[in-house]
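Comments concern the structure below.
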Amino acid sequence: MASWAVKFVVASVFTVQFALAQQTSPTPPQSPEQTKQAQAKEDSQRMLGVLPQFGVTNEKHPRPLMPRQKFRLFYRTAFDPVEFGVVGFEAGISQANDSFAGYGQGASGYGKRYGAAFADQVSSNFFTNFAYPVLMKQDPRYFRMGEGPVKRRIGHALAQEFVGHKDGGDATFNWPTALGALTAGSISNTYYPAEDRGFGLTMTRSGVALLYGSLGGLGSEFWPDISRKLHRHKEKLPAGDQTQKK
């Protein structure tokens, strides 16, 4: 299983090369007022009106985040109220499948699984959105392409887990994401049951986390398009008709 994770990480390097070849020339920087308005809009982004997407930017040439802004991104993402429910759902599935059997069953087993899942997502967010981005001067946000051929946007979305952006805007390998997954996976060995620890399992979990993150880029990229289609019928209605339907 560890070899599978290593192969996955190696394959990601080739994905980076593909994505770098698709990079478009940067657009001129926006005015401070435009940047402020764009940031305010991004701060309120939620998929389905519920799931937070605070780490997604629609700007082509955004201003770099200051360390305090990266910490704010980590804090808001990790401790958003919705995350507590998501973690509870994950813990319930884990208990139903008897994953991490060493935790046992019942309320005690569920509590341990909940604590482990919550620690996983907090540590992952801390290293990928704050610690490593600050140390390596990289931008932890997802850069939405927003337009262009669907195939190209899919490639862009899948590659963003591995293609990072320096604070200056240049593309580079996404070290915070890769190292964050490995670091969080290593820390989990301190609280997982003994039979669920070890180098091989850590590498496998890190590889799976990167894979899920890559697939998650599809949601970040295409949710606005889906949302517009879902609300298109409402936008076509006259103002009076919309009021009557309410």
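Note that the coordinates shown come from a computational prediction; the quantities given were computed from them, not determined experimentally. Residue numbers run from 1 in the order of the sequence given. Quick note: numbers below take in every heavy atom, side chains included, and nothing from hydrogens, waters or symmetry partners.
Pairing each heavy atom of Gly217 with each of Ala157, the nearest pair is O-CB, 3.5 Å. Closest non-hydrogen pair, Glu221 versus Gly146, comes out as OE2-N, 2.7 Å. In terms of heavy-atom proximity, Gly185 sits nearest to Thr202 at C-CG2, 3.6 Å. Here the closest non-hydrogen pair linking Phe118 and Ala78 is CE1-O, 4.3 Å. Nearest approach of Gln45 to Val56, heavy atoms of both residues: NE2-O, 3.2 Å. Residues Ala181 and Thr128 share a closest heavy-atom pair of N-CG2, 4.4 Å.
With sequence neighbours excluded, the residues forming a side chain to side chain contact (heavy atoms under 4.5 Å, CB included) with Ser188 are Asp120, Tyr191, Tyr192, Arg205, listed by chain and number. The salt bridge (charged side-chain N to carboxylate O under 4.0 Å, His left out) test applied to Asp225 returns Arg153, Arg228, not counting sequence neighbours. Partners of Tyr110 by ring pair (Phe, Tyr, Trp, His ring centres under 6.0 Å), not counting sequence neighbours: none found. In terms of the side chain to side chain contact (heavy atoms under 4.5 Å, CB included) criterion, residue partners of Met136 (sequence neighbours excluded) are, by chain and number, Tyr132, Gln138, Trp175, Pro176, Leu179. Judged as a side-chain hydrogen bond (donor to acceptor under 3.5 Å, both in side chains), and not counting sequence neighbours, the contacts of Thr177 are Asn174. Remark: Val134 engages Pro67, Lys70, Phe130 in a side chain to side chain contact (heavy atoms under 4.5 Å, CB included) (not counting sequence neighbours). Not counting sequence neighbours, Ser220 has no partner by the side-chain hydrogen bond (donor to acceptor under 3.5 Å, both in side chains) test. Arg113 pairs by the salt bridge (charged side-chain N to carboxylate O under 4.0 Å, His left out) definition with Asp98, not counting sequence neighbours. When the side-chain hydrogen bond (donor to acceptor under 3.5 Å, both in side chains) test is applied to Asn129, the partners found at least two apart in sequence or on another chain are Asn125. With sequence neighbours excluded, the residues that form a side chain to side chain contact (heavy atoms under 4.5 Å, CB included) with Val82 are Arg46, Val50, Leu51, Pro52, Asp80, Val86.
From Glu83, atom CD reaches atom CZ of Arg76 across 12.0 Å, with rounding to the nearest 0.5 Å.
For the pair Lys112 (side chain) and Ala107 (backbone), a donor-acceptor distance under 3.5 Å is absent. Although no hydrogens or angles enter the test, the distance criterion places no donor-acceptor pair under 3.5 Å between the side chain of Tyr114 and the main chain of Gly109. Although no hydrogens or angles enter the test, the distance criterion places no donor-acceptor pair under 3.5 Å between the side chain of Arg141 and the main chain of Thr57. Using modelled atom types, one side-chain atom of Ser214 and one backbone atom of Leu158 make a donor-acceptor pair closer than 3.5 Å. A distance-only check finds no donor-acceptor pair linking the side chain of Glu90 to the backbone of Ala117 [under 3.5 Å].
For the pair Gln53/Arg144, a side-chain contact is recorded, criterion being any heavy-atom separation below 4.5 Å from C-beta on. Side chains of Trp223 and Leu218 form no contact here, defined as non-hydrogen atoms less than 4.5 Å apart. Side-chain contact between Pro64 and Lys137 is absent, with no heavy atoms from C-beta onward closer than 4.5 Å. Considering only heavy atoms from C-beta on, Arg72 stays 4.5 Å or farther from Arg68 through its side chain. Under the 4.5 Å side-chain criterion, counting only non-hydrogen atoms from C-beta, Leu65 is not in contact with Pro133.
Here salt bridge (Lys or Arg N to Asp or Glu O under 4.0 Å) pairs that include residues 173-187, with residues two or more places apart or in two chains, number zero.
Linking ILVMFWY side-chain heavy atoms closer than 4.5 Å, directly or via other members, places Phe79 and Ile187 in a single hydrophobic cluster.
Taking the six-membered ring where tryptophan is involved, the planes of Phe126 and Phe74 are perpendicular, since the angle between them exceeds 60° and thus also 30°. Tyr75 and Phe71 have parallel rings, their planes meeting at less than 30° on a 0 to 90° scale where 60° marks the start of perpendicular.
Hydrophobic cluster membership of Phe89, counting Ile, Leu, Val, Met, Phe, Trp and Tyr whose side-chain heavy atoms lie under 4.5 Å apart directly or via other members: Ile93.
Exactly one residue among Tyr142, Phe143, Phe173 makes a ring-ring contact (aromatic ring centres under 6.0 Å, His included) with His165. That residue is Phe143.
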